[in-house]
Amino acid sequence: MSFNEKSVLANFKLVKAPIYSHCFSADRTLLAITCENKCLVYRLQGATSPPSLVATLENHDKTVTAVDISAHGRIVTCSQDRNAYVWEPLSDGSYRPTLVLLRINRAATSVSWAPSGYKFAVGSSARIIAVCYYEQENNWWVSKHIKKPIKSTINCISWHSNGVLLAAGGTDGYMRVFSGFIKGLDSKDAVVNSPWGDKFPFGSLVREWYQGSYVHDVKWNSSQERIGFVAHDGSLNVVDSQGNHQTVDAPEGLPYRSLAWINNNSILCAGYSCHPVLFSEANGAWKFAKNLDKVSDANAKKSTVSLDGNDDEEENNAFGMSALKKFKELDLKGRVSTAVQHSAHENAIVELKAFQESNGQVVQVSSCGLDGEIVLYNV
Amino acid sequence: MEDWRRIDIDAFDPESGRLTAADLIPPNQAQVTLQELQPKIQQIRSMSTSGDMISAIQLATSDPPYGADDSTKAQYLQAVLEALGQTRQADISNIIKQLSPKQHDVLIKYLYKGMSVPEGQKQGGILLSWFEKLTQEAGVNPVVHYLSDRRTV
C-alpha cells in the first residue's frame with residue numbers, strides 16, 4: 001500500500017464513460033478529456049481537490065476519439081463522425097470551433113499537433129493520414145492526405161520535434177515514418193543533416209517496420225532520433241535510423257496501449273494490466289525495470305487466508321455441507337472483492353503523457369483509462 | 001426492396017484498396033515445399049519413436065514451416081501431434097522448461113491448431129495438459145503472442 005501511495009500522485013474520477021484521450025495545456029493548468037461525443041475542459045486545482053469543469057466542447061455527433069492541445073492553447077478534437085474541430089480559446093474562457101474537413105470516409109482515430117502548433121495530423125480508419133494546416137488567404141483549414149502504402153487503420157501518430165517527420169502505427173502491423181513537410185509552412189533547415197534522409201517531399205515513406213500485430217502507440221525520442229512503439233503482442237520496441245530494432249516483452253503478458261519516454265534510457269508503458277511499467281536500457285538492451293502502482297500478490301493472499309481461518313469450525317459440520325459451502329463461497333467472494341486492493345486505474349490505461357519534467361527527465365506522468373479516471377504518477 | 005444496408009460499398013470502389021487475405025500474409029516469408037520439409041518431418045518422427053521427446057519437441061518448435069502450403073503444414077502438424085501425444089504426462093513440464101520463449105510461442109500454435117483438427121481432438125486431453133503446463137511456465141505471454149501473430153502453422 002505504501003508503494004501505491006508513493007507512485008500515485010493524484011487520482012481524478014471525472015466521468016462515467018471511458019476516456020480515450022486526454023491532454024494538458026502547455027502550462028499544465030487546463031486538462032481536456034474526451035467523453036462520448038463531447039470534449040470536456042477542466043481547470044486543475046492541485047493534486048488533492050478535483051478539477052473544475054470550465055468548458056464543454058460539443059459539436060461532434062459521434063464518439064470523440066482523440067484530443068490534443070497546441071503550444072498556443074488551441075484544442076483539436078477528432079471523432080468517429082469523420083471530422084475534426086479546432087477550438088480557439090477566447091478571452092472569456094469559452095472556445096470558438098472551426099470545422100476541419102478531413103475528406104475521409106471512415107472514423108478519425110488519433111490526432112496530434114506538430115510541435116510548432118501550426119499544423120496537425122489526423123490518423124483514420126480510411127487508411128489515410130490527414131495533415132492539416134491553416135491557409136490564411138482562404139480562411140480555411142486545408143487537409144492533405146498521406147495514403148500510400150497504408151493498408152489499414154492508423155491507430156497512433158507522433159511528430160518528431162523538427163515538425164517534419166511523422167511516425168504512425170496501425171492495424172496492418174506496420175510502424176511507418178512519413179514526411180509531413182508542408183511547403184510554405186516548414187523550412188528545410190529543420191531537417192538539415194537528419195539521419196533519416198536528404199529529401200522529404202510531403203507524403204514520402206521514410207522508413208517502415210513490420211511488427212505483425214496492431215501497433216497501439218508510437219512516440220519519438222527526437223534528441224536521440226529513436227522511436228518507441230508498443231504493439232498488441234505485448235511488446236515494446238525501440239528502433240532507430242540505422243535499422244536497429246530492439247524488442248522487450250511485457251512481463252505480465254498483457255499488451256500495452258501507450259508509452260512515454262521518461263529519459264533517453266527509460267520508457268514507461270501502460271495498458272491492459274491497469275498499471276504503468278517502467279523499462280530501462282542498459283548496455284544496449286531494454287529490460288523490465290519496475291512496476292508502478294501494482295497491487296502486490298502478498299496483500300491479496302493475506303486477506304483470503306484470514307477469511308478462511310475464521311470459518312474453520314463450521315467446515316467440520318457434515319450436514320448440508322455442499323449447500324453451506326456454496327453459500328459461504330459466494331459470501332466469501334463478496335467479501336474478498338471488497339477487500340481486494342485496486343490499482344489507481346480499475347480498467348485498461350489507454351494513454352500516457354508526460355506531465356512534468358525536471359533536468360531533462362520526466363518525473364510525473366498522466367494517464368487516462370477506460371474507467372473514466374485521470375491519474376498522475378510519480379516516476 | 002434490396003437490403004441496401006448490407007451492400008458492400010467497398011466492392012464498388014476501385015480506390016478503396018481494402019485489405020485482402022494476401023495483405024495479411026507477412027512480408028519476406030520464405031516459401032517451403034514438402035520436399036524440403038520431408039527430412040525434418042522424418043527426423044521428428046524418428047526422435048519421438050526412439051523416445052527422445054525433448055529433442056523432438058525442440059526440433060519441431062524451431063523454425064516451423066510458416067511459408068508452406070496447407071497440405072505441407074498438415075503433414076508437419078501430424079508429426080508434431082504424434083510427438084506431443086507420445087510424451088508422458090510426467091515429462092511435459094520438464095520439456096517445457098527447456099524450451100525458449102520463442103519455442104513456447106510456436107508450441108502453443110501447434111496446441112491450438114491440434115485442438116482444431118479431428119486428429120488432435122482424439123488426444124485432446126494430452127493437448128490440454130500441454131497447454132496447462134505451458135501457461136504455468138510462461139504465463140499468458142504465448143497466448144497473447146498467438147492471438148496477434150499472423151504467421152500461422
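Heavy-atom basis, side chains included; hydrogens, waters and symmetry copies ignored. In what follows, every chain begins at residue 1, and chains take the letters A, B, ... in the order their sequences are listed.
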(request) Kindly give the heavy-atom pair with the smallest separation between B:V144 and A:P255, and that separation in Å. (result) CG1-CG, 4.0 Å
(request) State the CG-CZ distance between A:D172 and B:R150, to the nearest 0.5 angstrom. (result) 7.0 Å
(request) Sort A:Y174 into side chain, backbone, both or neither according to what part of it lies under 4.5 angstrom from a heavy atom of chain B. (result) side chain
(request) Check whether A:A231 gets within reach of chain B through its side chain, its backbone, both or neither, counting any heavy atom under 4.5 Å. (result) neither
(message) Which heavy atom of A:D249 sits nearest to which heavy atom of B:H145, and what is that distance?
(response) OD2-CE1, 3.1 Å
(message) Would you compute the distance between atom CG of B:N141 and atom CD of A:E252 and round it to the nearest 0.5 angstrom?
(response) 9.5 Å
(message) So for atom CD, which belongs to B:Q136, do other residues, nucleotides or ligands contribute more than 12 heavy atoms lying within a distance under 6.0 Å?
(response) yes
(message) Tell me whether B:R88 at atom CZ has more than 12 heavy atoms from other residues, nucleotides or ligands lying less than 6.0 Å away.
(response) no
(request) Give, as side chain, backbone, both or neither, the part of A:Q211 having an atom under 4.5 angstrom from any heavy atom of chain B. (result) neither
(request) Identify which part of A:T171 has an atom lying under 4.5 Å from any heavy atom of chain B, answering side chain, backbone, both or neither. (result) backbone
(request) Report yes if some heavy atom in the side chain of B:S148 is under 4.5 Å from a heavy atom in the side chain of A:Y214; otherwise report no. (result) no
(message) Tell me whether the count of non-hydrogen atoms from other residues, nucleotides or ligands lying under 6.0 Å of NZ in B:K113 goes above 12.
(response) no
